[in-house]
J.: 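Sharing a structure here in structure tokens format.
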Amino acid sequence: MRRSPDQRDDDRLLREGARRFLEETCPWTPCPPDEAAQDAARREMAQLGWFGLGLPEALGGAGADALQALAIIEEAGRVLLRRSLAADVLVAPRLMRDVGGALASLAPGLAAGTVRFALVPENPGTGIGATRTGSGLRLDGRSALALDAGRATHWLVEAGGHSPNGAMLLCVEAHPAVVEMRRLIDGRTGAVLTFDGLALPAEAVLATGHEAVARMAEIRDCAVAALVADSYGALAAGLDLTVGYLNQRRQFGQTLGSFQAVQHLMADAFCDLETLRSLLLWTAAALDGEPAERRRAARTAKVTLGREGLAAASRLIQASGGIAMTEEYRVGHVYKRLQVAAGLHGGTEAQIRELATATLSPEGRPDDEASAA
Amino acid sequence: MRRSPDQRDDDRLLREGARRFLEETCPWTPCPPDEAAQDAARREMAQLGWFGLGLPEALGGAGADALQALAIIEEAGRVLLRRSLAADVLVAPRLMRDVGGALASLAPGLAAGTVRFALVPENPGTGIGATRTGSGLRLDGRSALALDAGRATHWLVEAGGHSPNGAMLLCVEAHPAVVEMRRLIDGRTGAVLTFDGLALPAEAVLATGHEAVARMAEIRDCAVAALVADSYGALAAGLDLTVGYLNQRRQFGQTLGSFQAVQHLMADAFCDLETLRSLLLWTAAALDGEPAERRRAARTAKVTLGREGLAAASRLIQASGGIAMTEEYRVGHVYKRLQVAAGLHGGTEAQIRELATATLSPEGRPDDEASAA
Amino acid sequence: MDAFFTDDERAFRAEIRSAIRAMLPADLARKTRAGIHLSREDMARWNALLDANGWAAHHWPEEAGGPGWTPIQRFIFEAECAAADAPPLSVFGIYLVGPTLHAFGSHAQKARYLPPIRSGEEFWCQGYSEPEAGSDLASVRTTARRVEGGWVLNGQKAWTTEGHFADLMICLARTNREVKPQAGLSLFIVDMRAPGVVLTPVITIDGGHSVNTVFLDDVLVGDDALIGEVDQGWGYAKFLLNHERTNNAQVHRSRREFERLKAFAAAPRAGGSPVLDDPAFRRRFAVLEASLSGLEATVLRVLVDQTEGREPGPEASIVKVIGSRLQQAISELAMEVIGEDALELPEAARDEEVAGWTERHLFRRVVTIYAGANEIQKTIIARSTLGLR
Amino acid sequence: MDAFFTDDERAFRAEIRSAIRAMLPADLARKTRAGIHLSREDMARWNALLDANGWAAHHWPEEAGGPGWTPIQRFIFEAECAAADAPPLSVFGIYLVGPTLHAFGSHAQKARYLPPIRSGEEFWCQGYSEPEAGSDLASVRTTARRVEGGWVLNGQKAWTTEGHFADLMICLARTNREVKPQAGLSLFIVDMRAPGVVLTPVITIDGGHSVNTVFLDDVLVGDDALIGEVDQGWGYAKFLLNHERTNNAQVHRSRREFERLKAFAAAPRAGGSPVLDDPAFRRRFAVLEASLSGLEATVLRVLVDQTEGREPGPEASIVKVIGSRLQQAISELAMEVIGEDALELPEAARDEEVAGWTERHLFRRVVTIYAGANEIQKTIIARSTLGLR
């Protein structure tokens with residue numbers, strides 16, 4: 001486990017390479033590029049090795065850790081890339097490494113870019129149920145919003161309500177008929193999947209019972225880490241843009257950036273933003289550690305994304321003024337990106353509630369915080 | 001019912017007279033004046049007619065309404081008067097007007113200043129119980145913190161847990177043996193009363209059952225209105241003082257008041273403060289109206305006192321800097337005054353919880369808010 | 001806030017309430033709920049219906065065609081309109097241009113322009129802001145050059161809300177460069193169909209079109225297009241700000257939205273219990289309830305002052321700051337209450353109670369920026385109201 | 001935050017934890033819990049106990065008598081001290097004067113002054129602030145006039161914490177009026193018992209005495225009292241700010257107080273259920289937990305940078321702002337959790353778990369003011385870190 005993303009030279013090279021590629025090939029534009037262009041960019045990412053990066057060497061990968069995967073996701077956030085990389089860069093390689101089996105056979109396709117995963121979370125209200133049949137399984141129920149599920153070749157589906165009784169983690173080949181597309185406010189595309197007795201082969205099952213519950217928790221924590229990395233990238237690029245604008249735009253005979261009120265607004269945004277990054281690094285380090293700390297880190301980061309992160313995005317708009325209200329300007333899109341991130345994988349109040357449960361029970365905080373008195 | 005404290009000339013005269021008297025006779029000093037001086041000032045207040053003001057004309061009073069009583073209390077807040085006037089200026093006259101009976105016989109003493117009341121709220125944890133005996137009643141239990149109870153001649157005691165079963169509102173002659181004095185952080189004095197079978201005559205009972213519950217609610221709302229009036233006065237005087245200081249004190253070659261960050265801090269404090277005053281005026285108007293609106297107004301004002309009011313006091317300290325950290329300077333005392341006010345008669349979270357209950361039930365908000373769609 | 005109203009005012013409220021509910025077509029109420037940008041047609045329809053009762057120009061003086069209501073009565077009327085989900089009246093014609101023309105316009109201007117504003121036949125937009133003059137209006141660069149029989153205007157106006165369906169613009173332009181910036185401005189009436197007026201839509205963060213950039217390229221207006229005296233435009237433009245200080249608080253819309261959100265949160269969700277069963281959400285609603293009551297009480301204080309014939313006190317300066325923050329807080333809460341459904345573009349098919357919130361929420365970021373950014377308001381409060389220097 | 005620690009660091013933590021718990025006298029832990037201002041005697045006792053292990057000057061370089069720990073090890077040590085309710089070390093001697101003398105003092109000064117700081121035999125105070133120079137240190141007016149064999153100091157120092165029990169003061173004084181304000185300052189060592197040093201206590205808002213005003217009236221100090229070069233004092237004074245950027249975050253005290261408060265809130269109350277049964281309080285604790293973790297992670301980021309040999313990144317500038325707000329948020333919550341018992345003066349007899357909170361809470365208003373008010377910090381962040389201009 002590493003605790004900083006700056007320790008090794010190859011980290012820096014990876015990040016700089018990713019930034020250069022993304023800025024050149026996928027620079028931000030107010031309207032999303034067409035599907036063909038996005039597909040082409042994705043093929044180039046495969047050639048750059050992004051999807052093989054996190055695969056273990058035994059599966060032909062580079063064995064990269066979470067910090068490196070999240071660095072790429074953060075860079076994609078900077079250009080507000082309309083495709084989510086979380087499933088293919090972070091989650092699927094981990095699962096292939098740790099679960100293996102039928103899933104691992106998809107590794108070459110993942111690395112080559114022909115296999116594309118989407119994370120399909122269960123909707124806590126409506127639920128997804130998987131039942132064994134003679135030949136395999138049948139799937140019923142309705143998913144929560146799943147980023148890019150309409151473009152994936154494979155879905156990583158949560159089923160069974162997180163209780164070991166009946167919990168299953170599934171890898172399902174994408175099935176266009178069950179997809180309801182959703183255009184999101186930030187220009188990305190999600191989908192809600194409605195399963196009505198979809199028949200699956202037995203090999204679709206990646207884990208059941210307690211293992212499935214544990215894997216699903218891990219996937220969710222990874223998904224949250226990816227949302228935070230993406231959001232931090234989006235905010236950091238938005239902050240840079242805003243500082244440049246404020247130093248150039250004049251009002252009342254001086255630059256906007258010279259007004260103390262604007263300076264303090266930006267200082268507050270910076271405090272929010274760097275706190276988010278600190279929690280991202282904690283979460284990244286915790287992804288390979290104890291599940292309890294991993295969950296706590298991810299929840300904390302998600303709460304901070306929904307509170308301080310969104311507040312920072314609002315502050316960038318406020319400091320910029322009218323221009324940030326227009327669809328043509330990037331900062332409004334940063335705000336919408338954060339708004340979507342805050343709403344996915346459990347809203348802020350739900351995360352706070354879970355954090356309360358995790359930290360306020362008598363044995364809540366582990367020994368490591370020096371709270372044993 | 002009047003809806004503004006500025007409508008009538010006599011309101012202005014009353015307020016100006018009170019302010020002049022208080023500033024001359026009871027100006028704020030870092031250390032509370034000795035008891036004798038405070039007693040002497042109180043005798044002068046009686047001569048000015050403050051305690052007879054709210055009594056009905058039939059009891060020899062001036063029939064003033066809540067707005068006038070609260071104006072005096074607000075003015076006392078400006079000089080951070082160490083004695084609470086809520087019981088004698090606002091609550092007792094109302095009760096004498098509406099309940100009459102044995103209590104009304106104390107009216108001349110109240111007006112003359114020889115009878116002094118204190119409000120004794122029940123401690124929701126430990127409770128106070130009144131049980132009938134052959135000759136009268138016996139009182140058991142422990143009160144919440146009661147302002148100036150150690151100096152009063154009579155206590156208005158809540159007993160019976162607010163449920164009509166066994167609820168009683170009592171007027172109890174002060175009994176030094178049951179008093180535990182409490183020095184409060186803001187230089188005022190409170191007491192906790194422990195009743196251990198104290199025998200009372202039957203005439204001590206002012207109300208029982210549903211009427212007692214209703215009266216106690218009314219008393220609490222009046223007490224809250226008084227806390228808000230006092231706090232607003234304290235804050236308003238603190239704001240004036242701070243503006244003067246900021247316009248005079250220089251740092252980095254300019255007055256503190258010319259820094260935009262300081263200006264905005266003060267503008268925020270002013271927004272908080274004026275909102276508190278608006279809610280005070282609503283509560284004042286509502287004190288003579290429907291109980292449901294009265295309760296809602298008082299709770300809202302108390303929540304705002306505990307949140308925006310305390311925030312405003314903190315902002316005054318922050319804007320003033322080090323000087324406001326010293327015991328010699330008034331602004332820190334304003335903060336402590338607000339802290340005490342926020343904690344008395346139900347803390348902020350309790351008030352928020354009650355406000356939620358009052359406004360989030362299906363029939364929560366009455367028709368008047370134009371929400372009938 | 002019943003305690004603030006007299007018996008007469010309560011009777012007035014009852015009358016207005018039943019009248020509004022009887023007048024308001026259901027489809028207009030539905031459209032008002034569904035989004036923040038209404039079409040001209042919808043706004044005009046409601047305007048005309050109100051005008052039939054003499055209520056469209058409800059805050060104009062009686063001699064200008066207003067109903068002669070007290071400030072408290074106007075408050076009640078606006079509250080009832082909002083509560084019924086009536087479309088908002090156009091801010092520019094009814095609230096801004098009407099009172100300005102009434103106060104400073106010529107007899108001919110009043111006769112020509114006021115009636116079609118009242119009836120909803122003509123719509124106006126406001127040409128104050130420019131790319132380099134947002135909160136800093138004194139730096140307006142659009143020029144009006146004196147020519148035989150009129151003026152020629154050149155320049156660019158920004159953030160022109162409703163410009164794309166307005167018939168006329170009230171336009172601030174520089175008529176004198178020799179004096180200090182505020183002193184050389186004049187107010188003109190510009191026909192939006194005049195040659196040289198070119199309009200470019202600006203799509204805002206919510207994906208909607210309500211705002212425009214307007215280019216004025218050698219636009220000729222007649223002598224009768226000048227409002228009041230030449231070079232006095234700054235004073236006229238400021239007049240409104242002082243006159244309608246409580247309007248920016250948007251207290252009635254906030255109350256209505258809050259009540260709608262509460263009702264939504266109290267209803268059972270697909271496969272789950274109501275949001276309001278969650279104590280954390282209950283607490284947030286209660287805290288917002290307190291803030292909203294604080295704003296309502298503050299606005300009423302200002303209006304009571306006016307009703308009782310006094311100048312509004314210093315609290316009048318804070319309602320824009322507080323009201324705008326509150327509007328944002330309500331829609332932020334709405335986004336969390338609605339959850340993932342709020343993350344979709346408004347075009348997606350949605351439950352009526354969910355429609356409109358996202359669009360409103362995104363557009364709401366503007367309310368702390370426009371009409372003098374809150375930072376500017378705070379500086380004004382600190383300097384003018386508190387006397388900090 | 002186990003994930004941030006290596007196995008070696010975890011072993012180090014276990015070792016430190018048991019050592020501290022074995023060393024710390026129970027009465028010192030109790031006094032630390034009971035209030036914010038400790039006596040010199042109590043602080044000295046703990047200082048000496050630590051020094052016996054070589055741990056008192058734990059962040060000094062090894063050659064100055066420090067234990068040679070990495071920044072992460074120091075973090076762990078401080079966390080364990082706070083968690084055990086060990087008295088804080090004197091900020092001035094250990095944290096401020098020691099490193100300053102080590103960096104800029106003469107050999108003789110180091111030999112004379114460093115050992116008694118380490119051992120807790122001599123206490124220092126800081127003579128930087130003045131009545132007219134709080135956050136604006138460059139306006140220091142205290143003068144040091146060159147005389148035969150030394151300097152004569154005149155002036156007035158304000159907010160001198162621990163001055164009433166300090167042996168020595170590190171004093172910023174003006175030695176040159178001919179240059180720009182920052183350039184003409186020098187640092188001196190002043191014996192608090194020297195003739196002309198007069199001290200007046202300042203009672204703070206919490207009713208306690210930890211702060212003083214110090215008058216310097218023709219105080220004569222020797223040549224050897226000057227630290228480093230004449231007129232270079234500004235640079236020396238700034239050195240510490242850059243060197244100990246994470247100290248002001250007070251993250252360990254905040255964590256310890258938060259855990260204590262949580263334990264108190266989880267316990268049954270007289271005649272009632274635990275505060276933590278109330279979902280509103282649970283939510284507030286959870287939100288603070290998130291903020292505190294954010295601060296811890298940020299401090300650790302800075303220390304990891306140092307440990308791995310890099311300059312701390314821009315995040316180092318934010319920990320004072322965030323940490324001070326958090327300290328206040330924790331004690332504000334404490335006041336509500338404790339309720340009416342928190343409104344009494346500390347002298348009143350109280351439950352040990354309740355004692356100290358009110359005093360701490362009131363005194364805590366200072367943390368957003370001292371060590372460069374947060375407004376100043378934000379301006380520095382905006383200008384230096386973000387490059388706004």
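Note on naming: letters A, B, ... go to the chains in the order of the sequence lines (proteins, then strands), and numbering restarts at 1 for each one. Just so we're clear, the structure is a prediction, and the values are computed from it rather than from any experiment.
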J.: Chain A heavy atoms under 4.5 Å from C:Arg365: which part of the residue, side chain, backbone, both or neither?
T.: both
J.: Do the ring planes of A:Phe259 and A:Phe252 sit parallel (below 30°), tilted (30 to 60°) or perpendicular (above 60°)?
T.: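 Aromatic pair A:Phe259/A:Phe252 classed perpendicular.
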J.: What part of A:His264 gets within 4.5 angstrom of chain C, counting heavy atoms only: side chain, backbone, both, or neither?
T.: neither
J.: Between A:Arg315 and A:Glu308, does at least one N-O distance fall below 4.0 Å, as a salt bridge requires?
T.: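 No salt bridge links A:Arg315 with A:Glu308.
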J.: At a 4.5 Å cut-off on heavy atoms, which part of C:Ser139 comes close to chain A: side chain, backbone, both, or neither?
T.: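 Answer is neither: C:Ser139 stays 4.5 Å or more from chain A.
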J.: Checking A:Leu344 against chain C: side chain, backbone, both or neither under 4.5 Å from a heavy atom?
T.: both
J.: Is a side-chain donor or acceptor of C:Lys157 paired with a backbone partner of C:Gln126 at a separation under 3.5 angstrom?
T.: no
J.: Okay, side chain of C:Gln250, backbone of C:Gly323: is any donor-acceptor separation there less than 3.5 Å?
T.: no
J.: Which of the residues A:Ala324, A:Ala350, A:Gly347, A:Gly321 is involved in the greatest number of heavy-atom pairs with chain C at under 4.5 angstrom?
T.: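 Most heavy-atom pairs within the cutoff with chain C belong to A:Gly321.
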J.: Identify which part of C:Gln328 has an atom lying under 4.5 Å from any heavy atom of chain A, answering side chain, backbone, both or neither.
T.: neither
J.: Between A:Glu327 and A:Lys336, is there a salt bridge with N-O shorter than 4.0 Å?
T.: yes
J.: Most heavy-atom pairs under 4.5 angstrom with chain A, which of C:Thr379, C:Asn374, C:Val202, C:Thr368?
T.: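 Max contact count across the listed options: C:Thr368.
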J.: Quick one: does any side-chain atom of C:Thr358 pair with a main-chain N or O of C:Ala342 as donor and acceptor, under 3.5 Å?
T.: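 Side chain of C:Thr358 to backbone of C:Ala342: a pair is present.
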J.: With a 4.5 Å cut-off on heavy-atom pairs, point out which of A:Ile317, A:Thr126, A:Leu310 contacts chain C the most.
T.: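 Most heavy-atom pairs under 4.5 Å with chain C: A:Ile317.
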J.: Could you check whether any side-chain N or O of C:Arg174 sits under 3.5 Å from a backbone N or O of C:Val140, counting only pairs where one atom can act as donor and the other as acceptor?
T.: yes
J.: Specify which of A:Ile323, A:Asp186, A:Thr326 makes the most heavy-atom pairs with chain C at under 4.5 Å.
T.: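 That would be A:Thr326.
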J.: Examine whether an atom of C:Glu340 lies under 4.5 Å from a heavy atom of chain A, and if so say whether it belongs to the side chain, the backbone or both; otherwise answer neither.
T.: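 For C:Glu340, backbone and side chain are both near chain A.
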J.: Would you say C:Asp278's side chain and C:Ala280's backbone share a donor-acceptor pair under 3.5 angstrom?
T.: yes
J.: Going by atom types alone, do C:Thr142 and C:Glu130 pair a side-chain donor with an acceptor below 3.5 Å?
T.: yes
J.: When you measure from the side chain of C:Lys378 to the backbone of C:Val321, do you find a donor-acceptor pair of N or O atoms at a distance under 3.5 Å?
T.: no
J.: Looking at every heavy atom in both A:Ala149 and A:Leu193, which two are closest together, and how far apart are they?
T.: CB-CD2, 4.3 Å
J.: Which atoms of C:Val366 are under 4.5 Å from chain A, going by heavy atoms: the side chain, the backbone, both sets, or neither?
T.: both
J.: Would you mind checking which part of A:Arg353 comes under 4.5 Å of any heavy atom in chain C, side chain (CB onward), backbone (N, CA, C, O), both or neither?
T.: side chain
J.: Side chain from CB out, backbone as N, CA, C, O: work out which of these in C:Pro131 comes under 4.5 Å of a heavy atom of chain A, or both, or neither.
T.: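 Contact with chain A is through the backbone of C:Pro131 alone.
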J.: For A:Arg188, which atoms come within 4.5 Å of any heavy atom of chain C: side chain, backbone, both, or neither?
T.: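 Neither part, no heavy atoms under 4.5 Å.
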J.: Taking side chain as everything from C-beta outward and backbone as N, CA, C, O, which of these in C:Ile376 sits under 4.5 Å from a heavy atom of chain A? Side chain, backbone, both or neither.
T.: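 The side chain, not the backbone.
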J.: Which one, A:Gly322, A:Ser320, A:Ala342, A:Ala356, leads in non-hydrogen pairs under 4.5 Å with chain C?
T.: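 Going by pairs under 4.5 Å, I would pick A:Gly322.
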J.: Against chain A, label C:Tyr370 side chain, backbone, both or neither, depending on which of its atoms sit under 4.5 Å from a heavy atom there.
T.: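 Neither; nothing under 4.5 Å.
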J.: Give, as side chain, backbone, both or neither, the part of A:Tyr329 having an atom under 4.5 angstrom from any heavy atom of chain C.
T.: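 For A:Tyr329, neither part sits under 4.5 Å from chain C.
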